[in-house]
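We use all heavy atoms of the structure for the numbers below, so side chains are in, but hydrogens, waters and symmetry mates are not. Bear in mind the structure is a predicted one, so any value in this text is a computation, not a measurement.
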Amino acid sequence: MNYHHYYPIDVVNGPGTRCTLFVSGCEHECRGCYNKTTWRTDSGHAYTQQLEDQIIADLNDTRIKRRGLSLSGGDPLHPANVAAVLRLVQRVRQECPNKDIWLWSGYTLAELSEAQKQVVDLIDVLIDGKFEQDKKDLNLEWRGSSNQIIHRFKL
């Protein structure tokens, strides 16, 4: 898996102060996407064990309390990303049990493969659905277009 950006302190992508990882790879290629540079799976930087360890350390850092982890992209549920994202969310669940996990995906719940469902089973909030330019609404919280749904599983 590749990633584009990791923000150890983020207050935009989910509630509270968070760690946010923007992964590479998206097959949806939505018209009007604000993050087109993340579409190619080989763009950005290689996701490493060192980065994953840093994410866990940042989530557990008591100097700057973070509410949780946000996963965006690209698409964290892109088939090329699922294995690495699953390992990361499993580690967060084990090593950071009081942190929530939010994930943005262009796939809807009904479209998920069994592997993608394994990831979704471990997260707290899924914002699903492709961005649709004609349904863009700047007043929406946590999503870009009105067709996207916020699924709150554990909050």
Side-chain angles (χ1 to χ4, degrees), residues 1-26 28 30 33-38 43-78 80-109 111-112 115-131 135-155:
M1 178 173 83
N2 278 13
Y3 74 99
H4 261 254
H5 297 290
Y6 169 60
Y7 297 101
I9 301 171
D10 181 15
V11 296
V12 177
N13 294 288
T17 302
R18 317 184 61 75
C19 296
T20 299
L21 179 66
F22 286 88
V23 301
S24 301
C26 185
H28 307 296
C30 303
C33 175
Y34 76 96
N35 220 355
K36 289 180 181 180
T37 59
T38 65
S43 64
H45 317 280
Y47 180 79
T48 63
Q49 186 65 49
Q50 181 180 6
L51 176 62
E52 185 173 300
D53 292 344
Q54 185 63 55
I55 293 168
I56 299 298
D58 290 340
L59 285 168
N60 286 321
D61 185 348
T62 58
R63 296 170 298 163
I64 302 172
K65 185 168 174 46
R66 285 132 172 130
R67 181 169 171 176
L69 174 66
S70 292
L71 298 166
S72 191
D75 196 323
L77 296 181
H78 185 287
N81 298 332
V82 170
V85 169
L86 179 59
R87 283 191 307 274
L88 175 59
V89 298
Q90 287 171 331
R91 275 194 73 189
V92 172
R93 284 288 168 243
Q94 280 187 325
E95 299 176 43
C96 314
N98 297 321
K99 305 300 180 185
D100 64 19
I101 302 171
W102 285 49
L103 188 148
W104 281 258
S105 178
Y107 301 99
T108 64
L109 275 179
E111 298 170 326
L112 297 181
Q116 291 167 325
K117 288 177 186 176
Q118 289 181 327
V119 172
V120 171
D121 285 345
L122 294 171
I123 65 172
D124 299 282
V125 176
L126 170 69
I127 295 88
D128 78 349
K130 298 175 187 176
F131 172 75
K135 296 179 181 173
K136 180 179 179 177
D137 184 344
L138 297 175
N139 295 314
L140 295 171
E141 189 171 41
W142 314 127
R143 53 203 176 120
S145 57
S146 61
N147 62 295
Q148 295 171 313
I149 298 172
I150 300 173
H151 302 275
R152 297 177 189 272
F153 302 120
K154 298 178 181 152
L155 294 177

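- Atom CD of Gln50 has 12 or fewer heavy atoms from other residues, nucleotides or ligands within 6.0 Å.
- Side-chain contact check for Asn13 and Ser70: no donor-acceptor pair (N or O, by modelled atom type) lies under 3.5 Å.
- Counting heavy atoms from C-beta outward, Leu103 and Val89 have side chains that stay 4.5 Å or more apart.
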**Report entry** Chi angles and distances behind the side-chain hydrogen bond (donor to acceptor under 3.5 Å, both in side chains) call for Thr20, Asp10
**Finding:** CA-CA 6 Å; Thr20 299; Asp10 181 15; 2.5 Å; yes
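- Nearest heavy atoms, Asp128 versus Thr108: OD2-CA, 3.2 Å.
- A salt bridge between Asp124 and Lys99 is absent, with no side-chain N of the basic residue lying under 4.0 Å from a carboxylate O of the acidic one.
- Here Gln116 contributes atom CD and Asn81 contributes atom CG; the two are 10.0 Å apart, rounded to the nearest 0.5 Å.
- Residue Pro15 comes nearest to Trp102 through the heavy atom pair CD-CZ2, 3.2 Å, listed as atom of the first residue, atom of the second, then distance.
- Judged purely by distance below 3.5 Å, without hydrogens or angles, the side chains of Ser105 and Asp75 pair a donor atom with an acceptor atom.
- Here the straight-line distance linking atom OH of Tyr3 with atom OG1 of Thr48 works out to 6.5 Å at 0.5 Å rounding.
- In terms of heavy-atom proximity, Leu59 sits nearest to Cys96 at CB-SG, 3.8 Å.
- The nearest pair of heavy atoms linking Ser145 to Phe131 is OG-CA, 3.6 Å.
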Requested in this report: For the pair Leu86 and Leu122, evaluate side-chain contact (heavy atoms from CB on, under 4.5 Å) and give the outcome as yes or no after the intermediate values.
Outcome: CA-CA 8 Å; Leu86 179 59; Leu122 294 171; 3.8 Å; yes
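- In this structure, the separation between CZ on Arg66 and CG on Asp58 is 4.5 Å, given to the nearest 0.5 Å.
- Residues Trp104 and Ser72 come closest through the heavy atom pair CB-OG, 3.9 Å.
- What you find for Gly106 and Glu111 is that their closest heavy atoms are O-OE1, 4.1 Å.
- No side-chain heavy atom of Val119 sits less than 4.5 Å from a side-chain heavy atom of Leu71.
- Between Arg18 and Asp100 there is a salt bridge, since a side-chain N of the basic residue sits under 4.0 Å from a carboxylate O of the acidic one.
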Report task. Check step by step if side-chain contact (heavy atoms from CB on, under 4.5 Å) holds for Val23 and His78. Result -> CA-CA 9 Å; Val23 301; His78 185 287; over 6 Å; no
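- Of the possible polar contacts, one joining the Asn147 side chain to the Lys130 backbone as a donor-acceptor pair under 3.5 Å is found.
- No donor-acceptor pair under 3.5 Å is formed between the side chain of Ser43 and the backbone N or O of Ser24.
- Atom CD1 in Ile56 sits 4.5 Å away from atom CZ in Arg91 (nearest 0.5 Å).
- At least one donor-acceptor pair closer than 3.5 Å links the side chain of Arg143 to the backbone N or O of Gln148.
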